[in-house]
Amino acid sequence: MSVTDSSDIASGDPNERPLRQHAWNDVLTADEDGNRLLPEHHVLVPLRLVTAPDEDARTQVESAFRSLERAYAYAPEGVLFAVGYSAAYFDRIGGKTAPIPAPRELTPMESPAFDTFDAVIHLASDHPAAVLEAEEALFGATGTPNGTGMEATLSGVFERADPRRTGFVGAGLPAEHTDVEGVPETIPEEAPSLMGFRAGFRGSQAPEDRITIREGPFEGGTTMHISSLNLQLDPWYGQDSHEQRVAKLFSPEHTEGGGIGTVGEKLGSTTGVADGAASRVEADARTRGVVGHAQKAARARDDDGTPPLLRRDFSTVDGDTPGVHFVSYQRSIDEFVRVRKAMTGRDIAGEGVGQRLNNGILQYVFVRRRGNYLVPPRSKRALPQP
Ligand code: HEM
């Protein structure tokens with residue numbers, strides 16, 4: 001549960017941080033089934049470059065990040081963060097082909113806005129005060145985050161861009177937002193996400209090694225895709241029964257044999273979709289008229305069964321609208337595209353399910369924005385050059 005007493009915010013040492021910006025797993029806590037729990041509070045801070053990315057700027061940016069690492073521990077009680085750079089950044093600094101593709105539409109059902117700013121910082125902590133203060137410190141709005149001095153800020157190199165995004169994940173947090181229109185009162189008290197179920201089981205997340213770039217100038221880095229999705233929760237909770245929600249999110253088989261519990265608590269550390277349900281997608285569409293989201297997505301696992309995506313997504317009520325900021329880390333954006341295609345399930349539309357109807361959760365999820373980022377290894381996180 002939330003730790004809200006700001007006197008508990010731990011300070012840190014840059015030398016304790018690993019080489020990979022995305023290496024958070026070692027310090028994340030786990031639930032009783034061994035599934036890693038993300039920090040509860042998240043901010044995505046968009047940045048626009050306002051100066052030439054020269055050595056002075058690079059030194060300044062690195063110094064700001066190191067100051068943050070002194071102010072906050074490498075832990076959910078401190079602040080975890082990763083900075084990524086867009087194709088727009090690499091185009092702007094010139095040179096050869098950008099090492100990250102510009103975002104594009106990934107389904108025939110969307111016309112999203114695209115992130116066209118230069119960089120984004122994903123900040124996360126169990127303390128809401130820590131993520132906010134860390135963000136302010138980066139722009140000089142506070143000089144002593146968690147009582148520690150900043151040696152530099154991002155100001156003069158980066159300015160803030162739009163849209164800044166925020167959110168939360170963890171048991172009990174979604175139910176605190178039923179005052180927002182479109183967030184039904186019936187959301188389970190203990191639900192960790194606005195759709196009401198646990199996600200990110202150990203068995204369905206890529207290991208950090210699987211998402212790490214293996215060679216080239218950004219060896220040790222990764223990529224990040226951010227999709228911002230709106231959710232239609234009134235029909236999800238109002239028209240569908242618990243069993244229908246389970247069938248559409250997991251698979252129709254998950255409604256059998258006593259079910260998975262209110263929020264998926266009976267699942268342990270795996271949904272099991274890769275052991276059968278993933279290969280029954282077409283059959284379930286034809287014979288049961290419904291197919292689950294997880295069962296479709298698991299079709300895109302590697303041949304040896306490893307999931308290619310490490311999902312670090314969170315719920316949001318930004319703009320007083322329920323949604324998800326779907327932050328996904330993977331070795332290359334192609335892999336995200338491959339999984340998204342499996343999730344979209346065009347191959348089964350018209351084969352017992354519709355393009356959206358009963359085709360996983362597509363009826364409730366609307367893509368508003370997409371962005372792609374290269375997340376360099378920590379040693380190159382300040383204004384990288386290919
Ligand atoms: C509102 C948005 C979404 C919700 C509520 C949601 C929820 C879930 C849930 C409950 C599971 C099963 C538990 C788990 O394995 O973690 C799951 C699995 C998964 N989802 Fe989503 N998801 C959403 C969007 C997406 C998107 C946009 C993608 C991108 C392609 C995605 C990819 C996956 C993958 C790869 C799996 C694991 C499949 C496997 O076991 O290999 N999800 N999701």
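Below, all heavy atoms of this structure are taken into account, side chains as well, without hydrogens, waters or symmetry copies. In each ligand, atom 1 is the first atom listed, and ligand 1 is the first ligand listed.
By the criterion of a heavy-atom distance under 4.0 Å, the side chain of Val273, and not its backbone, is placed next to ligand 1.
Ligand-side atoms of ligand 1 in range of Ala199: 9 (C), 10 (C), 13 (C), 16 (O), range being under 4.0 angstrom from any heavy atom. Under a 4.0 Å criterion applied to the non-hydrogen atoms of Ala297, ligand 1 contributes the atoms 33 (C), 34 (C), 35 (C), 36 (C), 38 (C). Atoms of ligand 1 found under 4.0 Å from any heavy atom of Arg340 (numbered from 1 in listed order, with element): 30 (C). The ligand atoms of ligand 1 that sit less than 4.0 angstrom from a heavy atom of Met195 are 5 (C). Atom numbering of ligand 1 starts at 1 in the shown order; those under 4.0 Å from a heavy atom of Val365 are 1 (C). When each atom of ligand 1 is checked for a heavy atom of Met343 under 4.0 Å away, the hits are 25 (C), 26 (C), 27 (C), 28 (C), 29 (C), 30 (C), 31 (C). For ligand 1, the atoms closer than 4.0 angstrom to any heavy atom of Thr271 are 12 (C), 13 (C), 15 (O). Within the listing of ligand 1, atoms 1 (C) sit less than 4.0 angstrom from a heavy atom of Val324.
If you check which protein heavy atom lies closest to atom 19 (C) of ligand 1, you get Arg311 NH1, 3.2 Å. With hydrogens left out, the protein atom closest to atom 2 (C) of ligand 1 is Leu229 CD1, 3.8 Å, a heavy atom.
Relative to atom 25 (C) of ligand 1, the option among Phe250, Phe201, Phe336, Phe326 with the closest non-hydrogen atom is Phe326.
Side-chain contact between Arg36 and Trp24: absent, with no pair of heavy atoms (C-beta onward) separated by less than 4.5 Å. Between Gln330 and His225 the shortest side-chain heavy-atom distance falls below 4.5 Å.
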I would like to know whether Phe117 and Tyr89 meet ring pair (Phe, Tyr, Trp, His ring centres under 6.0 Å); could you show each step before the answer? CA-CA 7 Å; Phe117 33 80; Tyr89 166 83; over 10 Å; no

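Just one of Leu132, Ile9, Val131 meets the side chain to side chain contact (heavy atoms under 4.5 Å, CB included) condition when paired with Ser125; it is Val131.
The nearest pair of heavy atoms linking Ser67 to Ala152 is OG-N, 4.0 Å.
Enclosure of atom CD in Glu256 by more than 12 non-hydrogen atoms of other residues, nucleotides or ligands within 6.0 angstrom is indicated.
Using modelled atom types, no side-chain atom of Lys266 and backbone atom of Ile260 make a donor-acceptor pair closer than 3.5 Å.
A cation-pi geometry, defined here as NZ or CZ lying under 6.0 Å from the six-membered ring centre and within 45° of its normal, holds between Arg312 and Tyr329.
Remark: distances from the non-hydrogen atoms of Gly200 to ligand 1 include one below 4.0 Å.
In His293, the N, O or S atom that comes nearest to atom 21 (Fe) of ligand 1 is NE2.
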